[in-house]
Amino acid sequence: MYDELSISFDNPATDALGYQHVSGKLFCGRDQMELQFKERDRAFRKSETQVISFDYGEIERVRFISKWFRPKFLVLSTRSPEKIAAFPGTEVGLVELRVSRDSIKDAKRVKSLIEFRQSEAFVEESEDRISRGRDSE
């Protein structure tokens, strides 16, 4: 099993002036996931790198959308929509990332990694709850 994945993305600008062009990485680590991105608000001016961290339990759903001769997208849905409010082009708790060509292989595997990490967190939480129940008896 793989421990970490990194997916590069580049969301194009939403208008002709180059506003809200976003590029960055989605990093899936051992304990948490990080969305690292820079926003280009004008043609040549970039903002500082912003980092949003998620526990795997906060991730609701991940989908990889791949159609022939079309850009590939990774759609991330979270239970904490306030965390991704600063990301340009988000809907409530939903982010679409246009995956770079060199990251397509890893983007296909990210769903299974997140599901694995979520199951580990669930087992750990269940074991803690069981041990607390035994201690109270």
Side-chain angles (χ1 to χ4, degrees):
M1 191 79 189
Y2 34 84
D3 286 335
E4 298 177 348
L5 286 177
S6 181
I7 296 126
S8 299
F9 63 89
D10 190 34
N11 291 3
T14 56
D15 66 354
L17 296 176
Y19 288 104
Q20 296 186 341
H21 178 120
V22 182
S23 59
K25 287 189 178 238
L26 178 70
F27 178 72
C28 299
R30 292 177 186 231
D31 299 326
Q32 66 182 4
M33 196 167 86
E34 288 185 349
L35 181 62
Q36 307 164 356
F37 66 95
K38 284 185 180 181
E39 179 182 359
R40 195 179 334 165
D41 64 353
R42 292 201 184 110
F44 299 105
R45 195 172 94 188
K46 291 184 181 179
S47 64
E48 294 295 317
T49 301
Q50 297 181 32
V51 178
I52 303 170
S53 298
F54 298 97
D55 291 331
Y56 286 104
E58 292 178 294
I59 306 302
E60 187 175 348
R61 193 169 94 182
V62 176
R63 290 184 305 149
F64 180 69
I65 300 172
S66 174
K67 296 182 181 178
W68 285 35
F69 305 110
R70 302 260 183 188
K72 312 303 183 216
F73 287 94
L74 187 65
V75 180
L76 175 70
S77 179
T78 180
R79 291 182 177 99
S80 307
E82 66 278 356
K83 283 190 170 184
I84 58 172
F87 193 91
T90 61
E91 294 178 20
V92 178
L94 185 77
V95 174
E96 286 188 3
L97 307 173
R98 186 174 175 178
V99 178
S100 302
R101 287 181 192 227
D102 58 338
S103 295
I104 290 174
K105 182 178 167 185
D106 288 337
K108 291 177 182 178
R109 301 183 332 187
V110 76
K111 181 178 180 178
S112 60
L113 174 66
I114 290 173
E115 288 174 352
F116 176 71
R117 295 293 182 208
Q118 285 175 330
S119 66
E120 281 184 327
F122 179 73
V123 167
E124 185 177 317
E125 180 184 325
S126 296
E127 288 175 351
D128 288 345
R129 190 172 45 236
I130 289 170
S131 68
R132 281 185 274 142
R134 288 182 185 158
D135 292 342
S136 65
E137 291 177 0

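These values consider heavy atoms only, across backbone and side chains, with no hydrogens, waters or symmetry-generated copies.
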Check: Looking only at heavy atoms, what is the nearest atom pair of G93 and I84, with distance?
Finding: C-CD1, 3.5 Å
Item checked: From R61 atom CZ to S77 atom OG, the distance as rounded to the nearest 0.5 Å -> 6.5 Å
Next item on the list: Walk me through it: do I104 and F64 pass the test side chain to side chain contact (heavy atoms under 4.5 Å, CB included)?
Entry: CA-CA 9 Å; I104 290 174; F64 180 69; 4.0 Å; yes
Next item on the list: Tell me, please, which residues at least two apart from R30 pass side chain to side chain donor-acceptor pair (under 3.5 Å).
Entry: D3
Side-chain atoms of residues 123-130: list all donor-acceptor pairs with protein atoms under 3.5 Å, sequence neighbours left out, distances to 0.1 Å.
residue : atom : partner : partner atom : Å
S126    : OG   : F122    : O            : 3.0

Note to self: Can you list everything that forms a side chain to side chain donor-acceptor pair (under 3.5 Å) with D55? Sequence neighbours excluded, please.
What the structure shows: none
Next item on the list: Go through L74 and L26 one step at a time and tell me if the side chain to side chain contact (heavy atoms under 4.5 Å, CB included) criterion holds.
Entry: CA-CA 10 Å; L74 187 65; L26 178 70; 3.6 Å; yes
Note to self: According to a hydrophobic-cluster definition based on side-chain heavy atoms being under 4.5 Å apart (Ile, Leu, Val, Met, Phe, Trp, Tyr only), do F27 and Y56 belong together?
What the structure shows: no
Next item on the list: Step by step, work out the side chain to side chain contact (heavy atoms under 4.5 Å, CB included) result for M33 and L76.
Entry: CA-CA 11 Å; M33 196 167 86; L76 175 70; 3.6 Å; yes
Next item on the list: Could I get the full list of salt bridge (charged side-chain N to carboxylate O under 4.0 Å, His left out) partners for E58, not counting sequence neighbours?
Entry: K83
Check: Parallel, tilted or perpendicular: which describes the rings of F87 and F9, with under 30° parallel and over 60° perpendicular?
Finding: tilted
Next item on the list: Name all pairs fulfilling the side chain to side chain donor-acceptor pair (under 3.5 Å) condition that reach into residues 86-102, sequence neighbours left out, sorted by first residue then second.
Entry: none
Notebook entry, point to check: Among all residues two or more places apart in sequence or in another chain, which pass the side chain to side chain donor-acceptor pair (under 3.5 Å) test with E120?
Noted result: R117
Checklist line | Spacing of CD belonging to E39 relative to CD belonging to Q20, to within rounding of 0.5 Å | finding: 6.0 Å
Notebook entry, point to check: Can you name the side chain to side chain donor-acceptor pair (under 3.5 Å) partners of D106, sequence neighbours left out?
Noted result: R109
Note to self: Would V22 and L97 count as a side chain to side chain contact (heavy atoms under 4.5 Å, CB included) here? Give the steps.
What the structure shows: CA-CA 9 Å; V22 182; L97 307 173; over 6 Å; no
Note to self: Working to the nearest 0.5 angstrom, can you tell me the gap between D31 CG and S53 OG?
What the structure shows: 11.0 Å
Note to self: Would you compute the distance between atom OG of S23 and atom NZ of K38 and round it to the nearest 0.5 angstrom?
What the structure shows: 7.5 Å
Item checked: Side-chain cluster (under 4.5 Å, hydrophobic types only) that V75 belongs to, other residues -> I65, F73, L94
